[in-house]
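Data first, discussion second: the structure below is written as structure tokens.
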Amino acid sequence: MGLVDMSVNLGGLQMQNPVAVASGTFGYGREYQSYIDIRKIGAVIVKGTTLEPRCGNSPPRIYETPAGMLNAIGLENPGIEVFLQEYLPALMEEGVTIVANIAGNSVDEYALITRIIDNHSGIAAIELNISCPNVKQGGMQFGTDPRLVRQVVEAVKQETRLPVIPKLSPNVTDIVSIAKAARDGGADALSMINTLMGMAVDIDRKTPVLGNVFGGLSGPAIKPVALRMIYQVYKEVNLPILGGGGISNTRDALEFIMVGASAISIGTGNFVNPSLAQEITQGLEKYLLEQGLAQIHDLVGAAVQ
Amino acid sequence: MGLVDMSVNLGGLQMQNPVAVASGTFGYGREYQSYIDIRKIGAVIVKGTTLEPRCGNSPPRIYETPAGMLNAIGLENPGIEVFLQEYLPALMEEGVTIVANIAGNSVDEYALITRIIDNHSGIAAIELNISCPNVKQGGMQFGTDPRLVRQVVEAVKQETRLPVIPKLSPNVTDIVSIAKAARDGGADALSMINTLMGMAVDIDRKTPVLGNVFGGLSGPAIKPVALRMIYQVYKEVNLPILGGGGISNTRDALEFIMVGASAISIGTGNFVNPSLAQEITQGLEKYLLEQGLAQIHDLVGAAVQ
Amino acid sequence: MPACSSGIVRSNKKVGPDLWEMEFTALALAREAQPGQFVHIRVGGNQDPLLRRPLSIYDVDAGLITLLYKVVGRGTEILSLYSSDQPLDVMGPLGKGFSLVQDRRVLLVGGGVGIAPLLFLGRELKVRNNKVIVLHGAGSKEETCSGPKFTGLGMEYRIATMDGSLGFKGLVTDLMEREIDPKSIDYIYTCGPEPMMEAVAAFAARNNMPGELSLEEYMACGVGACLGCARKLKASDPSYVKICHDGPVFPLDSVNIAP
Amino acid sequence: MPACSSGIVRSNKKVGPDLWEMEFTALALAREAQPGQFVHIRVGGNQDPLLRRPLSIYDVDAGLITLLYKVVGRGTEILSLYSSDQPLDVMGPLGKGFSLVQDRRVLLVGGGVGIAPLLFLGRELKVRNNKVIVLHGAGSKEETCSGPKFTGLGMEYRIATMDGSLGFKGLVTDLMEREIDPKSIDYIYTCGPEPMMEAVAAFAARNNMPGELSLEEYMACGVGACLGCARKLKASDPSYVKICHDGPVFPLDSVNIAP
Ligand SMILES: Cc1cc2nc3c(=O)[nH]c(=O)nc-3n(C[C@H](O)[C@H](O)[C@H](O)COP(=O)(O)OP(=O)(O)OC[C@H]3O[C@@H](n4cnc5c(N)ncnc54)[C@H](O)[C@@H]3O)c2cc1C
Ligand SMILES: Cc1cc2nc3c(=O)[nH]c(=O)nc-3n(C[C@H](O)[C@H](O)[C@H](O)COP(=O)(O)OP(=O)(O)OC[C@H]3O[C@@H](n4cnc5c(N)ncnc54)[C@H](O)[C@@H]3O)c2cc1C
Ligand SMILES: Cc1cc2nc3c(=O)[nH]c(=O)nc-3n(C[C@H](O)[C@H](O)[C@H](O)COP(=O)(O)O)c2cc1C
Ligand SMILES: Cc1cc2nc3c(=O)[nH]c(=O)nc-3n(C[C@H](O)[C@H](O)[C@H](O)COP(=O)(O)O)c2cc1C
Ligand code: FES
Ligand code: FES
């Protein structure tokens, strides 16, 4: 480092570099500790957390699809209190930039979780999962209705001074209107995209593969859809974007940055290559040097016409 | 054949077997004639046709993505009159079941093309492309608004006795409401899904790859999304479904049938394996024999809970 | 500490119908591996197939790791195309392995390719002065390539084949019920198809015998990060274990296999 | 009639930096192939990479088809891993090839791997009693493996390398301008990078010389069914040709390369 400035300010979330690991794909940080120096990651977005503990969906919960995977974890998590008391401290000790990812059954629940986080130290920003397609009461309805998106964001903003980053669902007709609603609610940045809703069939048993029937599609397969939505939103909505969906190498990361992502997130890619976040950070730095660019910001939106 | 009944009646469209080739991926039939016996195909859905000739989008028009491809052909076609006069006769001579795929700029245009087709012989059914994401004036707005979907279908139905099969766009929040609108408009069957809207970036030139910026994502990558939408619609809407999206082998075809497709369509798969339609027809027949089933219909929706 | 390493394939050969044996070197991995643990392998380098594939550690000897795998799909098929000197992208060792008893009379029951983790286990059990009997169930004689390896390490190896082409004709659990005197065994380890392990667990329970088994689930991360490989050990359990992280090995009596 | 056949790889060897030569048998294909046509190959058997890859026919001799290809991405990389006796999923011959003149003085100008279709073309031109001069532009000496093949067929082969390691130092089109007397040539064929072909086209136009070139575009179907490989030959053209079906070969003067 040094020659190029890799740091990013994502709507108030200060990141040492633009590469985050996505919620639900990196556990609580410690699981991958022997594969990657987690202190070098731009931000660790921890597993989606709810007010009460949740035991998650019945298995099978994951399944491979062409260049992608389906997951229906069902937001298994120990609840916000246990997360803050038992999981957070170890991660804080590493000096990592930690982003919470929260999901609620109601606007009030989102607000309440936020209040609890705000009373606690160690969290740098809050990503609002308004888009998890797995839990009937846990997101879908918020992420697909502009009015609800705005309401949730407003309610959460009132409870905290932390940057609030709604994570948009791609399962919508008009992503721009959703993004605008989030902005109008006071969002500091946007995270996009969450998984596409999909399914697979076990033809031998003649049933859906996943215990939950439907699951979220992630991985390289969805990259074209993610790029398109970020491009559309970047053109219309003046908020920094944390972009992801299928990133698996530096070239992919550059595609996201060039359609308007100020920072990127790596999800499924961690499963394939646990040190991917670090490799991409290095790859981006090398690219900037080669291109004679001083900062990553100079590339953001470069391909948007 | 013989031992099992492979024929399908898809809302009035009589097919000798359930395997169709998808619009835009099989030209006007003759292009693949030396690779496959086109008379053995359940139905050939020809390239999308408009009232006037169209020269299509500027290149690049296609690009490979992980387990998929993007296309932005832009409905290049010679117009309905030239199609009927010059392209159709050769195909008719083969004795193939021919489905037209039509797109229009307005409800009136859809109706007019339909009237022209209805005055002509040789077409077995009309697939309504209300979902092509490539041409600004050519579809997107129809396929994503339930009221417009209903209007278009109603208008077309008034012009013809041929089976009318709207082809649904997956780029919507609620596919079931779109399907219901199509049903309420009088659709005889549903075709789903068309391509997901996506894009790719040429990072060396810092521009979108496609001349049209956005393109339709097809191929195995989208299979989980297609299966999910067909599952949802099959449960709620009592119309036969022509299902497709990423089918590349018999197992894929069985997945589609088990979530509710009465017949299937092969698109991108033709490019990879020009005799795929025939191989899948044989594969399905073999499967039925092995399972001791008398007809394909016994499998339709078998995995729907 | 487990790591992501570039192993080097030393050999990769067919040892039965659809059955392959791969040897590779990966020093740290070999040093730390425990019986019952697994490795997580990226096959090919393209986006399809995308996820790593979990395979048990079949044997570890002098820095060389051996896998025994059955070609059942595209991932294992691609793996079978690897040749000597090719690099192998492998994570591990992963999961919690078998506990290693000492000075006991031990029974190992393996079904099909489920025999894989039992060889390395047997090796370590012999080092710990156990008397080891191995029962192996296979389809036919052609699938019993591991036999000589067990006997070579001083274990008693008995085989049951479905077609009777070698040893006892029928299920390995029938062989067990027929030939194993429960009083002669202190501890059971098993790995194989779930119905087989269920019969083994029932046998153990009837005879008040402790033991362990190894489970499988689809996996993505392999390290406990994705919560994908969830399973309730007993239907009455309130929460799900993660096979990759809490297992794949569990006490026989903690699991209730029948759904 | 073109078909989808299972060719059999006979050899596949590296002949330069990132440059490979593959020989395979596919009888019908070999019988029907015309110079300038291409084959469409499915590399690997997985969903990624998904689409076939178009490659020119480099040579056809006694039922054996040869390809010359540069490894530029994943598809060609996978192709380079094929070994003898492996089946090759290949469609072809596709497209419209070069027209074959007779009893003329012909110039072939190839740039880089664009030399590929010119060898088979040269072979057929020699059969038709043409005098053939080949100009080949390459990065360096290491990329000129095709030289002996041209001379072996009785063509005059001259080389230009960017680094001067062999022949003329500089662009092949500079070599052409310098050494080719327009009056000594009746017909030009060219294939290579577009700026090079543009210079060749300008040379031909200036000297009122007819000729043909071969174009490239991304392809999906390769047979004219998807309308993907569209291109306007001249900016003023009302409609798009399909490179796979209307080409890849076009008259030099029908194309206006600069956008
Ligand atoms: C801890 C553990 C240890 C294992 N040890 C061995 C071993 O030593 N030898 C051996 O032959 N096999 C072993 N397996 C099973 C092996 O992982 C699967 O056979 C393999 O992943 C199949 O991959 P494929 O691409 O060839 O098949 P696919 O085409 O992906 O699928 C074929 C079938 O394999 C199974 N499968 C696919 N992916 C997974 C996955 N990620 N996890 C579990 N099952 C899967 C499914 O039942 C599927 O239907 C082990 C599995 C686990 C979880
Ligand atoms: C008619 C025709 C004949 C050709 N003949 C030869 C030949 O004889 N020898 C040779 O080395 N190359 C030839 N090419 C180019 C060759 O097709 C590409 O280099 C190859 O497809 C790249 O595949 P890849 O997977 O290795 O690269 P990728 O990773 O897919 O891409 C690398 C680059 O290759 C190009 N490319 C990728 N896919 C295609 C495609 N479907 N069509 C055209 N270009 C593509 C793009 O510029 C891309 O940036 C020919 C192309 C055409 C259209
Ligand atoms: C196993 C798994 C679990 C996930 N859990 C969550 C979650 O708890 N909260 C959330 O907002 N997103 C979750 N996601 C979505 C990812 O954070 C990411 O947005 C998505 O996978 C797309 O990125 P990718 O293609 O790089 O994986 C999960 C994804 C996967 C694969
Ligand atoms: C090159 C190309 C052209 C297409 N043209 C049309 C079209 O004209 N009309 C239409 O309704 N769908 C068109 N489609 C969509 C396909 O018919 C099909 O619905 C879609 O590709 C999904 O199926 P697949 O994944 O099997 O390709 C086109 C798809 C491709 C790839
Ligand atoms: S595979 Fe990810 S938690 Fe086990
Ligand atoms: S590649 Fe399909 S028309 Fe040329």
Side-chain angles (χ1 to χ4, degrees), chain A residues 63 65-70 133 143-145 169-175 178 196-209 213-217 219-232 246 248 250-259 287 299 302-305, chain B residues 63 65-70 133 143-145 169-175 178 196-209 213-217 219-232 246 248 250-259 287 299 302-305:
Chain A
Y63 192 67
T65 65
M69 64 175 284
L70 290 163
T144 55
D145 180 337
S169 166
N171 302 294
V172 297
T173 307
D174 181 3
I175 192 73
I178 303 285
L196 283 165
M197 195 174 162
M199 76 174 290
V201 177
D202 181 336
I203 60 169
D204 300 317
R205 296 193 304 126
K206 298 194 179 75
T207 62
V209 169
V213 181
F214 302 137
L217 180 64
I222 69 169
K223 190 179 63 145
V225 176
L227 289 169
R228 183 263 295 182
M229 291 191 163
I230 293 169
Y231 186 104
Q232 290 178 311
S248 60
T250 302
R251 295 183 67 91
D252 291 343
L254 286 168
E255 285 195 75
F256 277 82
I257 292 168
M258 289 180 187
V259 294
Y287 179 86
L299 284 173
V304 177
Q305 296 172 347
Chain B
Y63 192 67
T65 66
M69 66 175 282
L70 289 164
T144 56
D145 179 336
S169 165
N171 302 295
V172 297
T173 308
D174 181 4
I175 191 72
I178 304 285
L196 282 165
M197 194 176 163
M199 76 174 289
V201 177
D202 181 334
I203 60 168
D204 300 317
R205 297 194 303 126
K206 298 194 178 73
T207 62
V209 169
V213 181
F214 303 136
L217 180 65
I222 70 169
K223 190 180 63 147
V225 176
L227 289 169
R228 183 262 294 182
M229 290 190 164
I230 294 169
Y231 186 104
Q232 290 178 312
S248 60
T250 302
R251 297 183 66 91
D252 291 343
L254 286 167
E255 286 194 74
F256 277 82
I257 292 167
M258 289 183 188
V259 294
Y287 178 87
L299 283 175
V304 177
Q305 295 173 348

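Hydrogens, waters and symmetry mates play no part in the numbers below; they use all other heavy atoms, side chains included. Remember, predicted model here, so these are calculated numbers, not experimental data. Chain naming here is simple, since letters A, B, ... match the order of the sequence lines and numbering starts at 1 in each.
Only the side chain of B:Tyr287 comes within contact range of chain A, with at least one heavy atom under 4.5 Å from a heavy atom of that chain. With a 4.5 Å cut-off on non-hydrogen atoms, B:Leu299 touches chain A through its side chain but not through its backbone. With a threshold of 4.5 angstrom between heavy atoms, B:Ile203 approaches chain A through its backbone and through its side chain. If you measure heavy-atom distances from B:Leu217 to chain A, the contacts under 4.5 Å come from the side chain alone. Contact annotation for A:Val304: neither backbone nor side-chain heavy atoms come within less than 4.5 Å of a heavy atom of chain B.
Taken from CG in B:Asp174 to CG in A:Asn171, the straight-line distance is 11.5 Å, to the nearest 0.5 Å. Distance CG/B:Leu254 to CG/A:Asp202: 11.5 Å, rounded to 0.5 Å. Rounded to the nearest 0.5 angstrom, B:Ile175 CD1 and A:Met197 CE are separated by 12.0 Å. Distance check, rounded to the nearest 0.5 Å: CE of B:Met199 to CD1 of A:Ile230 gives 10.0 Å. To the nearest 0.5 Å, the span separating CE on A:Met258 from CZ on B:Arg205 amounts to 11.5 Å.
If you tally non-hydrogen atom pairs under 4.5 Å between each of A:Ala67, A:Pro208, A:Pro170 and chain B, the highest count goes to A:Pro208. Ranking B:Gln232, B:Arg251, B:Met229 against chain A, the residue ahead of the rest is B:Arg251, based on heavy-atom pairs under 4.5 Å.
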Requested in this report: Run the numbers on B:Thr65 and A:Lys223 for side-chain contact (heavy atoms from CB on, under 4.5 Å), then give the verdict.
Outcome: CA-CA 8 Å; B:Thr65 66; A:Lys223 190 179 63 145; over 6 Å; no
